[in-house]
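Take a look at the structure set out below.
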Amino acid sequence: MTLSALGIFSAAGAGGVAFASDYELIESVILTGSQASITFSSLGTYSSTYKHLQIRMIARDARAVDINNAFLRFNGDTTTNYSYHLLVGNGSTVTSDAGVSNDSAVAGGSVGASGTANAFAPSVVDILDPFSTTKNKTVRSLTGQNSSASTIRLWSSNWRSTASVTSINIYPSSSTGFVSGSRFSLYGLK
Amino acid sequence: MPTDTYVALANITLGSSASSVTFSSIPATFRDLVVVYSGNITASSTLGAYRFNSDTGSNYTGVYTANASSGTRATTSSDFYFQGTTGISTAIIQVMDYSATDKHKTSLVRSGNLAEWVQMYANRWANTAAITSMTLLPIDATSFAPTSTWAAGTTFALYGIAS
């Protein structure tokens, strides 16, 4: 069976009235050159609009490794207020890891400069209740790299702060930064 | 200014079994594609697989991790697959930057089925061409050759996410 022509569902109904979307693009950053990190700022503007946030990213960086991590910080907090858990498979073994006093959460992955040419690492990052002032913040990320080395990873991170999120900074685990073609898109969910 | 983003592009519910399903003429106007699958394959010892732009060459590599009550499993593959086999299974396939021409196409998959497996995959299509079609088909779990059919009632939904 083939759909040779895709039908676009407008959800408009017979009356032509469009329903508002509950999943909206807030901002997208597409790198055309190297950049040390990216920051989504002024997010307090959306605290009454969205319930959750999602970051969809695909990244490569200049560090001379096959596989790299991309880290995430809220509101410029560089102190050890973050924890994480990790489940990872590398094609031969499944392992887990955890950290309780880290200076960042985990956004996802990145293919390093030693990785297969043209390979990038995608990540889907869910940030739950980021604007709550009664809860610590939880981040869940599915990421994978299929390059000269390959992994599939499921991360869960925690920021021990009840402050409403106003900014998100994402950076690779090196000082060389993300490279051209990397893309970071922030979405709000109502 | 926020913009409407998550758009349903196509929905397929099989009225009868089918050897494959293809989404074609995929517009380049979105950033990511998401495929939501729920269904069944009519034969056992099979897997669900997907291919891009009718490419049947050796251009696919994947890594996956799975868990069942019998233990965990990790392996690499030369095909893109998600759990199918007999018994209802579900999967969400995220194809990132599908229309970009400066990178290979990498997708993430989370899936599970009644045979107790929960799985996640990272798959890379070694091609910088924009994806214009996506074919989903059952394959033999040993040879990875096309085999069997999707069962009647199996559903495939394609969404575009704007950026």
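Model, not experiment: these values are computed from the prediction. Below, read A as the first sequence line, B as the second, and so on, with proteins coming before strands; counting in each chain starts at 1.
Of the inter-residue distances, the one linking A:L154 atom CG with B:T65 atom OG1 reads 10.0 Å to the nearest 0.5 angstrom. To the nearest 0.5 Å, atoms CZ (B:R31) and CD1 (A:I30) are separated by 3.5 Å. Rounded to the nearest 0.5 Å, atoms CG (A:N118) and NE2 (B:H104) are 4.5 Å apart. Here A:F120 contributes atom CZ and B:R124 contributes atom CZ; the two are 12.0 Å apart, rounded to the nearest 0.5 Å. Distance check, rounded to the nearest 0.5 Å: CD1 of B:I161 to OG of A:S185 gives 9.5 Å.
Across all their heavy atoms, B:M96 and A:S123 have their closest contact at CE-O, 3.6 Å. Of all heavy-atom pairs spanning A:Y187 and B:A162, the tightest one is OH-O, 2.7 Å.
Hydrophobic clustering (side-chain heavy atoms under 4.5 Å, transitive across Ile, Leu, Val, Met, Phe, Trp, Tyr) keeps A:Y171 apart from A:F74. Under the 4.5 Å side-chain heavy-atom criterion for Ile, Leu, Val, Met, Phe, Trp and Tyr, A:V165 and A:F184 are members of the same hydrophobic cluster. Two different hydrophobic clusters hold A:F178 and A:I67 under the rule that ILVMFWY side chains link at heavy-atom gaps under 4.5 Å. Connection of B:V35 to B:Y121 is established within a shared hydrophobic cluster, with ILVMFWY side chains joined at heavy-atom distances below 4.5 Å, either directly or through further cluster members. In the hydrophobic clustering of this structure, A:V179 does not group with A:V65; members are Ile, Leu, Val, Met, Phe, Trp, Tyr whose side-chain heavy atoms approach within less than 4.5 Å, directly or through other members.
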Given salt bridge (charged side-chain N to carboxylate O under 4.0 Å, His left out), test A:R183 with B:D102 step by step and report yes or no. CA-CA 12 Å; A:R183 185 263 300 190; B:D102 61 349; over 6 Å; no
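Contact annotation for A:A117: only backbone heavy atoms (N, CA, C, O) come within less than 4.5 Å of a heavy atom of chain B. Contacts between B:V34 and chain A at a heavy-atom distance below 4.5 Å involve the side chain alone, from C-beta outward. Both the backbone and the side chain of A:L87 come within contact range of chain B, judged by heavy atoms closer than 4.5 Å.
Residue-level contacts of residues 125-153 of chain A with chain B, in order of numbering, are A:R140, A:L142, A:T143, A:G144, A:Q145, A:N146, A:S147, A:S150, A:T151, A:I152, A:R153; threshold 4.5 Å between heavy atoms. Taking non-hydrogen atoms and a 4.5 Å limit, the residue list of residues 126-135 of chain B in contact with chain A, ordered by number, reads B:T128.
Salt bridge annotation for B:D97-A:R56: absent, with no cationic side-chain nitrogen under 4.0 angstrom from a carboxylate oxygen.
For A:H52, the NE2 atom counts as densely surrounded, since its 6.0 Å shell holds more than 12 non-hydrogen atoms of other residues, nucleotides or ligands.
Heavy-atom pairs under 4.5 Å with chain A peak, among B:Q94, B:R110, B:M120, B:K105, at B:M120.
The main-chain N or O of A:L25 is found under 3.5 Å from a side-chain atom of B:T5 such that the two form a donor-acceptor pair.
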